[in-house]
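Every heavy atom of this structure was used, including side-chain atoms; hydrogens, water molecules and symmetry mates were not.
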Amino acid sequence: MSLTSRARPRPDLSGSAEAPVVSPGNRLGWLDLLRGVAALTIAGEHFVQMVVPELYARVTHRFDVASFGVFLFFLVSGYIVPASLERRGSVRGFWISRFFRIYPLCLVVVLVGIGVWAAGAYTALSPVSPFPAKHPAVAALANLTMLHDFVGVGGSLFVMWTLSYEMVFYLLVAGLFVLGLHRRSAEISAGLALIGALAAGLFPVLLFSRDLHNTEVTVAVSAAAMAVGLTCLLSRRRALSVTGAVLLAGLALVLVTVNGRMPGWFGLSILATMFGGTAIYRAEQGQISRRKCAAACVVALGAVVAAGACWDEHARMTHHVQWQWVAAMLATWAAFGLGMLLRGRTVPRFLTWLGSVSYSIYLVHAVLLCVLLWLISPTAVRDIPLWSRFGIGIVFIAVVLAVSQLTFTVVERPAQRLGRRVTALVERRANGGA
């Protein structure tokens with residue numbers, strides 16, 4: 001049950017965890033290592049799926065490579081993103097940081113992707129245009145909120161579906177912080193996973209977005225609710241902040257459970273995994289007991305494994321155990337555990353660099369893969385000798401890495417610096433400074 005098949009047509013991942021640039025020996029180098037592994041796994045999986053489909057079919061029958069890559073990203077995000085908010089102690093600063101971390105690069109890559117689509121290359125990978133909604137303004141608004149995967153629109157790039165889950169996580173994390181419930185990560189992780197597993201067959205898909213009119217209404221209502229919720233959340237008045245927190249958390253949970261493109265059990269599995277990462281951070285910081293964290297993570301992992309092993313992307317019970325899903329989830333947590341064991345060791349510079357540019361890798365490879373398939377034609381792939389296709393793969397990854405370094409240098413790093421300056425200015429004004 002491959003995540004790629006689940007997510008067609010379809011990223012932070014983002015893999016868009018808080019990404020301080022770290023050097024070898026830095027205590028966060030292990031996180032960069034994991035992000036680098038996740039990003040290369042996803043890029044490689046997409047290449048193999050489209051260019052070496054016979055190998056892809058054999059591997060994914062035994063191991064869900066795509067799920068491993070994106071869930072590893074999600075686990076890392078869960079570990080570090082709430083820590084970023086709590087170190088600042090400022091919801092306003094958190095959202096400014098998130099904006100400059102996610103949006104600038106995404107906008108640049110989306111614009112390039114639209115150009116590629118206009119040239120005819122985008123259709124080589126996806127059967128839809130970058131804006132699948134009938135009216136481009138509706139699709140643009142949905143993508144602007146980053147809730148596109150939960151309002152029946154879809155992302156402008158096929159990998160952007162993960163950014164919707166990242167955004168939902170941000171909404172929940174900020175809301176819980178304002179409500180003073182942010183240290184309940186262990187209970188939240190286990191609870192979400194159990195609900196997803198026990199009620200897997202009850203979650204509807206796209207409940208509010210089953211036709212064009214309802215989709216447009218859902219986009220408008222969701223965007224308005226998000227705008228109002230964030231405005232209230234950032235208010236200095238406690239009552240308004242609490243109201244915003246409740247509104248945003250409610251919006252996030254409703255969209256994930258009943259209006260996702262994927263069934264609710266899948267969305268809750270992602271959130272449970274992310275909050276599992278947060279629980280590990282809290283145990284490491286002494287905020288909760290290690291025993292409590294271990295119990296919650298075991299329950300969450302067990303429930304996530306059970307849900308994906310028995311239910312498919314259409315919320316239908318499967319006739320046989322999805323062992324590839326089981327293997328991927330166990331491998332995800334094992335990789336994260338191995339990364340934690342390396343915390344005290346020096347991580348090679350190349351691997352920390354991969355983590356630094358992992359968000360670029362995640363977004364950039366999607367557009368470059370479309371261009372590659374445009375050049376070689378997917379229908380002619382099997383006529384290319386296998387060794388030649390592996391050679392193309394090496395060149396493809398090399399180009400992805402080179403372009404990712406460029407986008408990191410030209411877009412990501414300056415945007416993050418600007419974000420820090422904006423945060424400092426806003427916080428200074430909020431505190432009555434000059």
Side-chain angles (χ1 to χ4, degrees), residues 1-8 10 13 38 42 45 60-78 149-150 161-162 164-166 168-169 172 184-207 252-280 293-337:
M1 187 167 51
S2 167
L3 187 62
T4 303
S5 64
R6 283 176 174 156
R8 290 286 180 222
R10 47 175 178 173
L13 158 309
I42 293 168
E45 186 266 348
T60 55
H61 181 68
R62 296 173 174 81
F63 185 80
D64 194 340
V65 181
S67 292
F68 168 77
V70 295
F71 270 76
L72 185 56
F73 257 134
F74 286 134
L75 194 51
V76 171
S77 286
D149 222 55
F150 301 117
W161 67 274
T162 60
S164 288
Y165 289 94
E166 288 276 346
V168 163
F169 184 62
L172 291 173
R184 299 291 185 180
S185 308
E187 297 93 329
I188 292 170
S189 176
L192 291 175
L194 286 172
I195 292 172
L198 296 176
L202 302 179
F203 296 109
V205 175
L206 295 174
L207 178 64
L253 291 175
V254 167
L255 290 179
V256 167
T257 53
V258 303
N259 206 58
R261 184 170 49 83
M262 300 299 296
W265 73 261
F266 182 73
L268 292 179
S269 294
I270 289 176
L271 294 178
T273 299
M274 298 179 89
F275 279 107
T278 310
I280 293 173
C293 171
C297 289
V298 168
V299 170
L301 176 58
V304 169
V305 166
C310 301
W311 297 87
D312 66 14
E313 61 270 29
H314 304 293
R316 298 177 305 204
M317 182 170 285
T318 60
H319 299 296
H320 57 276
V321 176
Q322 305 285 342
W323 290 111
Q324 64 273 34
W325 169 268
V326 176
M329 293 301 100
L330 294 177
T332 297
W333 283 78
F336 190 85

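- Checking side-chain atoms of Trp325 against main-chain N and O of Val304 turns up a donor-acceptor pair under 3.5 Å.
- Trp333 is not listed as a side-chain neighbour of Val305, based on a closest heavy-atom distance of 4.5 Å or more.
- Distance check, rounded to the nearest 0.5 Å: CZ of Phe63 to CZ of Phe68 gives 5.5 Å.
- Side chains of Asp64 and Phe71 form no contact here, defined as non-hydrogen atoms less than 4.5 Å apart.
- Annotation for Val299 and Ala190: closest pair CG1-CB, 3.9 Å, computed over non-hydrogen atoms.
- Between atom CG of residue Leu192 and atom CG of residue Leu172 there is a gap of 8.0 Å, rounded to the nearest 0.5 Å.
- Counting heavy atoms from C-beta on, the side chains of Leu268 and Thr257 come closer than 4.5 Å.
- For the atom pair CG of Leu271 and CD1 of Ile188, the computed distance is 10.0 Å after rounding to the nearest 0.5 Å.
- Aromatic ring pairs are classed by plane angle as parallel below 30°, tilted from 30° to 60° and perpendicular above 60°; the pair Phe266 and Tyr165 is perpendicular.
- The side-chain hydrogen bond (donor to acceptor under 3.5 Å, both in side chains) test applied to Arg62 returns no partner, not counting sequence neighbours.
- At least one side-chain heavy atom of Cys297 sits less than 4.5 Å from a side-chain heavy atom of Ile280.
- Judged as a salt bridge (charged side-chain N to carboxylate O under 4.0 Å, His left out), the pairs with a partner in residues 316-330 (not counting sequence neighbours) are, in order, Asp312-Arg316.
- Here the shortest heavy-atom pairing between Ala296 and Ala186 reads CB-O, 3.4 Å.
- Looking only at side-chain heavy atoms (C-beta outward), Trp311 and Gln322 stay at 4.5 Å or farther from each other.
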Let me see the working for Val254 and Asn259 under side chain to side chain contact (heavy atoms under 4.5 Å, CB included), right down to the final yes or no.
CA-CA 7 Å; Val254 167; Asn259 206 58; over 6 Å; no
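- For the atom pair OG (Ser164) and CD1 (Ile270), the distance works out to 10.0 Å, reported to the nearest 0.5 Å.
- Between Ser269 atom OG and Phe74 atom CZ the span is 11.5 Å, to the nearest 0.5 Å.
- Scanning for side-chain hydrogen bond (donor to acceptor under 3.5 Å, both in side chains) contacts around Ser185 gives Arg282, with sequence neighbours left out.
- Considering every non-hydrogen atom in both Pro263 and Glu313, the closest pair reads CD-O, 2.9 Å.
- Looking at every heavy atom in both residues, Ala335 comes nearest to Leu72 through CB-CD1, 4.3 Å.
- At a threshold of 4.5 Å between non-hydrogen side-chain atoms, the residues Met329 and Leu301 count as touching.
- Closest heavy-atom contact between Ala307 and Ala197: CB-CA, 4.0 Å.
- Of all heavy-atom pairs between Arg261 and Val205, the closest is O-CG1, 3.4 Å.
- Looking at heavy atoms from C-beta onward, Trp323 lies in side-chain contact with Val326 at the 4.5 angstrom threshold.
- Side-chain contact between Leu255 and Val168 is absent, with no heavy-atom pair separated by less than 4.5 Å.
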